[in-house]
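Please read the structure below before turning to the comments.
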Amino acid sequence: MKKQFSIWTHTKIFVTVLVGAFLNAVALNYFLIPAGVYASGITGAAQLVSNILSDFTLIHISTGILILLFNLPVVILGWLKVGRSFTMYSFISVLLMSLFLEILPVIAKTNDILLYSVFGGVIAAVGIGITLRVGASTGGLDIIAMVLSRMKDKPVGIYFFIINAIIIATAGAIYGWDKALYTLVSLYASTRVIDAIHTRHQKLTAMIVTKKSEELKDAIHARMVRGITVVPAKGAFSNEQKEMMMIVITRYELYELELIVKNVDPKAFTNIVQTTAVFGFFRKD
């Protein structure tokens, strides 16, 4: 029987997504946009397109509106390929960030571009990191990465690199290479903070020691399509007979697995380790 998460759990996720969206909007309107520095992924692409339209055409579309428009096809893809819960909260994050970007004013330009680049990258990373920790995302490349990780058992970093390289190269060619270099600084700071808050690893292995392996197995299979290996285990001190469940997941499923384990067996011991590669069958669709 499928076990639903409590209202408190969904409230916690929503509040975290709300705070993350607000931090991303603050990073953009108060730091990155005034400094002429670009964020990563679809957000950075929206900034760049907004600037190009304003500077070279009579059309003006705000960054917030473009972020929402660019994410719509990505959200539809996520809904079809990833899962409803993850995609729903990711879309809420995008919607809230677009709303905050329209509400919050863009502060005056600054002469200290380096300081604004670093702080903007760090604040945005905190927003992204806490959102990832509750099993959601800020949309854009995170959803694309999850789809790709399920379609191809290959690192998705190359796709992030290509999109960000196009943004940086275009910004540098049009607005000057100094802004492109400051964008690199911001992206580096952002990446380091996200890695510290969440995890840089695309796949993780969870080893769960429990006395409720059957209940836990049923609960995991009700919400996640993942294979589980069960190994007999014995406590060295207590001599209690237990079982160790081993399951390989993507980083986006980590929070959901944590909730499942806490709901079924709060006393279970869970160890999460990096998975460098997977050989053999690993379900990706």
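All heavy atoms count here, side chains included; hydrogens, waters and symmetry mates do not. Index from 1, following the sequence. None of the values given here were measured: they were computed from a predicted structure.
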Lys211: partners by salt bridge (Lys or Arg N to Asp or Glu O under 4.0 Å), with sequence neighbours left out: Glu240
Tell me which pairs pass side chain to side chain donor-acceptor pair (under 3.5 Å) where either residue lies in residues 56-70, with sequence neighbours left out. Ser54-His60, Ser62-Glu102
Counting only pairs under 3.5 Å, give me each side-chain donor-acceptor contact of residues 27-41, with atom names and distances, residues two or more places apart or in other chains.
| from | atom 1 | to | atom 2 | distance (Å) |
| --- | --- | --- | --- | --- |
| Asn29 | ND2 | Leu101 | O | 3.0 |
| Asn29 | ND2 | Leu104 | O | 2.8 |
| Tyr38 | OH | Asn51 | ND2 | 3.0 |

Could you list the residues that satisfy side chain to side chain donor-acceptor pair (under 3.5 Å) with Ser50, not counting sequence neighbours? none
Mind checking what makes side chain to side chain contact (heavy atoms under 4.5 Å, CB included) contact with Glu214, not counting sequence neighbours? Lys217
Just to verify, what does Asn239 make a side chain to side chain contact (heavy atoms under 4.5 Å, CB included) with, not counting sequence neighbours? Lys234
Who pairs with Ser117 by side chain to side chain donor-acceptor pair (under 3.5 Å), at least two apart in sequence or on another chain? none
Pairs in or reaching into residues 260-270: which pass salt bridge (charged side-chain N to carboxylate O under 4.0 Å, His left out), with residues at least two apart or in two chains? Glu258-Lys262
Using side chain to side chain donor-acceptor pair (under 3.5 Å) as the criterion, list what pairs up with Tyr175, not counting sequence neighbours. Asp55
Residues passing the side chain to side chain contact (heavy atoms under 4.5 Å, CB included) test with Ala180, sequence neighbours excluded, are Ile168, Trp177
Across all chains, not counting sequence neighbours, the ring pair (Phe, Tyr, Trp, His ring centres under 6.0 Å) partners of Phe100 are Phe22
Set of side chain to side chain contact (heavy atoms under 4.5 Å, CB included) partners for Leu115, sequence neighbours left out: Asp112, Phe119
